[in-house]
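In what follows, every chain begins at residue 1, and chains take the letters A, B, ... in the order their sequences are listed.
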Amino acid sequence: MTEIHDVRQRAVLPIGTVIALTELSARQIRYYEKQGLIQPQRNAGNHRLYALVDVEDLLAIKAQLASGLTLGEIKRLQDQSVPHPSDAEARQMLREELLNQSRFTPAPRIKQGF
DNA sequence: TTTCTAACA
DNA sequence: TGTTAGCA
């Protein structure tokens, strides 16, 4: 499975679709982004493009807000659970990723008959 | 038509 | 957060 085939991370959903899926207002969705809770991409026309993982994040945020947490608290929890690239754990994951790639390198062609 | 940013009753 | 104005 290569990264480009990870459907959940492909940013292709316009905000209207996200609104339909989350029941959140455009105002809320954009505000949560400004607070750093989600990071959707942008197309050439500066319009936001969301991935399914963004929708999942928004649903989680919605649930946490309903449970009484504030945006600031939710942001803190996210920062703690998402390791930075410099973290040992992230380095370990990247190392294994690279090892996997070499592991699938095509073996040398065996001399064909004739 | 939809989305974007900025700003205000 | 809602809502609206003026663009793209």
Q. Partners of A/Thr17 by side-chain hydrogen bond (donor to acceptor under 3.5 Å, both in side chains), sequence neighbours excluded?
A. none

Q. Can you tell me how far the CD atom of A/Gln28 sits from the CD atom of A/Gln35, to the nearest 0.5 Å?
A. 12.5 Å

Q. Would a 4.5 Å heavy-atom cut-off, applied to side chains only, mark A/Leu65 and A/Tyr32 as touching?
A. yes

Q: Fill in the dot-bracket string of DNA chain C, one character per base: . for unpaired, | for a pair to another strand, ( ) or [ ] for pairs within the strand, taking Watson-Crick or G-U pairs under 3.5 Å.
A: .|||||.|

Q: Could you list by number each residue of residues 56-76 of chain A showing a heavy-atom separation from DNA chain C of less than 4.0 Å, or answer none if no residue does?
A: none

For residues 52-61 of chain A, which side-chain N or O atoms pair as donor and acceptor with protein atoms under 3.5 Å away, sequence neighbours left out?
unit_1	atom_1	unit_2	atom_2	d
A/Asp54	OD2	A/Ala51	N	2.8
A/Glu56	OE2	A/Arg8	NH1	3.4

Q.
Using every non-hydrogen atom in the two residues, find where A/Tyr50 and A/Pro14 come nearest and quote the distance to one decimal.
A. CD1-C, 4.3 Å

Q.
Across nucleotides 4-9 of chain B, 5' to 3', mark each nucleotide with B, S or - according to how protein heavy atoms within less than 4.0 Å reach it.
A. SB-B--

Q: Taking side chain to side chain contact (heavy atoms under 4.5 Å, CB included) as the test, write out the residues that go with A/Ser67, two or more places apart.
A: A/Gln64, A/Leu69

Q: Could you tell me from which nucleotide to which nucleotide of DNA chain C, 5' to 3', there is an atom under 4.0 Å from chain A heavy atoms?
A: C/dT1 to C/dT3

Q: Determine which pairs satisfy salt bridge (Lys or Arg N to Asp or Glu O under 4.0 Å) with at least one residue from residues 33-50 of chain A, sequence neighbours left out, and list them in order.
A: A/Glu33-A/Arg42, A/Glu33-A/Arg48

Q. Any chain of hydrophobic side-chain contacts (each under 4.5 Å) joining A/Val7 to A/Leu49?
A. no

Q) So how far is it from A/Ile74 CD1 to A/Leu37 CG, rounded to the nearest 0.5 Å? A) 6.5 Å

Q | Interatomic distance, A/Leu13 atom CG to A/Gln41 atom CD [nearest 0.5 angstrom] | A | 11.0 Å

Q) Does any pair with a residue in residues 60-77 of chain A pass salt bridge (Lys or Arg N to Asp or Glu O under 4.0 Å), and if so which ones, sequence neighbours excluded? A) A/Lys75-A/Asp79

